[in-house]
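The block underneath contains the structure these notes are about, expressed in structure tokens.
Values below: all heavy atoms of this structure, side chains included; hydrogens, waters and symmetry mates excluded.
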Amino acid sequence: MFVGDYHTHTKYSDGKGSVMENAVAAKERSLKEIAVTDHGFHLFRQGLGKYLWLKAECAEASRLTGVKVIAGAEADILSSDGDLDMTEKELADVDYLIAGFHKFAPPKSISDFFKMYVVTYFNGLIPTGKKSLQRNTNAVIAAITRYPVKVLAHLNHSLKVDVALVAAACAERGVLIEINAKHLKDFNGQWEALKNSGARFVVNSDAHRPKEVGALQAAFDRAVKEGISPDRIVNYCGE
Ligand SMILES: [Zn+2]
Ligand SMILES: [Zn+2]
């Protein structure tokens, strides 16, 4: 059983369902909470107004379903300095911030495009070099240091990092490491480092359709099989 799913998308960005549909799906899976974490640049490209609509919809869906629907956002890590794609003003309105690297996001500079983004297109074909790994690791640590990030989304997906170092930084700052149901293979070969870090985890669906909301069991089972103790997974609440 899980308390909540803290990474879900709706039509406010690239998801297929509405806030209400995600809330209903969560209720069907007996979740108490969900965070709607649409991509920041979709939400705020048209100004703060759109986000206020999302907040109102979250409040309404909470009222009608009894599931607490938290208005969050998923920000992109855009540069080697850890810049996110959201302004301070935008962040101030967001109740639940998760952050991760996305290769479709616009890089902050030409230099970052070549250093961080081009490499990600060749992932799986060529190993990430030592320098790149170091740069990527610093970028992610800078992002969680500079911003009020609650969850580091799909760590090691696209942007390869030194997982042990990032996990240690997360542990130190109280940032949860996401076990993303859709990107489990990015943890291949990394479970030992995760297990040995002091970090805590949250298992999330990264649902882009309502029926995926709360689909957490398989990812949870895999993490436990790999040696992560269930009591380190904060949204797990027992059988
Ligand atoms: Zn993402
Ligand atoms: Zn996402």
Side-chain angles (χ1 to χ4, degrees), residues 1-77 84-102 104-105 147-154 157 175-176 178-183 201-220 233-237:
M1 291 281 284
F2 300 92
V3 184
D5 183 350
Y6 301 93
H7 186 167
T8 74
H9 293 275
T10 72
K11 287 185 223 167
Y12 275 96
S13 65
D14 56 354
K16 299 283 182 249
S18 64
V19 170
M20 188 61 186
E21 285 169 326
N22 278 16
V24 168
K27 193 179 173 75
E28 280 166 6
R29 294 210 193 229
S30 307
L31 299 182
K32 304 251 178 303
E33 295 185 346
I34 54 165
V36 173
T37 52
D38 280 306
H39 296 285
F41 69 94
H42 280 280
L43 287 173
F44 293 103
R45 203 167 35 194
Q46 291 141 14
L48 261 179
K50 194 170 171 183
Y51 195 69
L52 298 179
W53 276 108
L54 182 143
K55 281 191 125 168
E57 278 195 42
C58 288
E60 180 71 353
S62 297
R63 195 177 65 76
L64 292 174
T65 61
V67 173
K68 184 178 177 189
V69 183
I70 304 162
E74 179 175 17
D76 294 318
I77 298 170
L84 296 185
D85 63 343
M86 292 167 66
T87 65
E88 300 279 316
K89 192 169 183 299
E90 291 162 357
L91 289 167
D93 257 314
V94 170
D95 296 331
Y96 198 95
L97 180 66
I98 74 173
F101 178 81
H102 301 89
F104 56 77
Y147 297 94
V149 176
K150 284 196 164 49
V151 174
L152 184 55
H154 41 68
H157 179 61
V175 176
L176 298 171
E178 178 178 74
I179 298 164
N180 187 301
K182 291 195 170 153
H183 300 300
F201 304 90
V202 59
V203 53
N204 284 331
S205 69
D206 201 352
H208 281 69
R209 293 167 195 280
K211 67 171 188 211
E212 297 165 357
V213 172
L216 308 173
Q217 192 65 48
F220 172 83
I233 302 175
V234 300
N235 55 337
Y236 176 67
C237 57

Residue pair [X] / [Y]: nearest heavy atoms and the distance that separates them:
| X | Y | answer |
| --- | --- | --- |
| Ala71 | Lys55 | CB-CG, 3.7 Å |
| Val175 | Val149 | CG2-O, 3.5 Å |
| Ala181 | Ala219 | CA-CB, 3.8 Å |
| Ala75 | His102 | O-CE1, 4.2 Å |
| Leu216 | Gly4 | CD1-O, 3.7 Å |
| Tyr51 | Gly72 | OH-O, 3.1 Å |

Using modelled atom types only, decide if a donor and an acceptor are shared between the side chain of [X] and the backbone of [Y] within a distance under 3.5 Å.
| X | Y | result |
| --- | --- | --- |
| Arg29 | Met1 | no |
| Asp5 | Ser205 | yes |
| Tyr236 | Val202 | no |
| Asn22 | His9 | yes |

query: Please walk me through it: do Phe220 and Ile179 pass side chain to side chain contact (heavy atoms under 4.5 Å, CB included)?
result: CA-CA 8 Å; Phe220 172 83; Ile179 298 164; over 6 Å; no
task: Mark yes when over 12 heavy atoms from residues, nucleotides or ligands other than Lys68 sit less than 6.0 Å from its NZ; otherwise mark no.
output: no
Lys182 NZ: over 12 foreign heavy atoms closer than 6.0 Å: yes
query: Which word best sums up how the rings of Tyr96 and Tyr6 line up, parallel for under 30°, tilted for 30 to 60°, or perpendicular for over 60°?
result: parallel
How far does [atom1] of [X] sit from [atom2] of [Y], to the nearest 0.5 angstrom?
| X | Y | atom1 | atom2 | answer |
| --- | --- | --- | --- | --- |
| Thr37 | Ile70 | OG1 | CD1 | 10.5 Å |
| Asp93 | Leu52 | CG | CG | 6.0 Å |
| Ile233 | Leu176 | CD1 | CG | 11.0 Å |
| Leu97 | Tyr147 | CG | OH | 10.0 Å |

query: Checking side-chain hydrogen bond (donor to acceptor under 3.5 Å, both in side chains) against His208, which of Thr10, Thr8, Asp14 comes through?
result: Asp14
statement: Exactly one of His154, His183, His7 clears side-chain hydrogen bond (donor to acceptor under 3.5 Å, both in side chains) with Glu178, and that residue is His7
message: Hydrogens and angles aside, do Asp76 and His39 bring a side-chain donor and acceptor to less than 3.5 Å of each other?
response: no
Side chains of Val36 and Tyr12 in contact at under 4.5 Å (non-hydrogen atoms): no
task: Find out whether Val69 and Ile34 are in side-chain contact, i.e. whether some heavy atom of one side chain is under 4.5 Å from a heavy atom of the other.
output: yes
- request: Kindly indicate, with the supporting measurements, whether the criterion side chain to side chain contact (heavy atoms under 4.5 Å, CB included) is fulfilled by Thr65 and Met20.
  value: CA-CA 8 Å; Thr65 61; Met20 188 61 186; 3.8 Å; yes
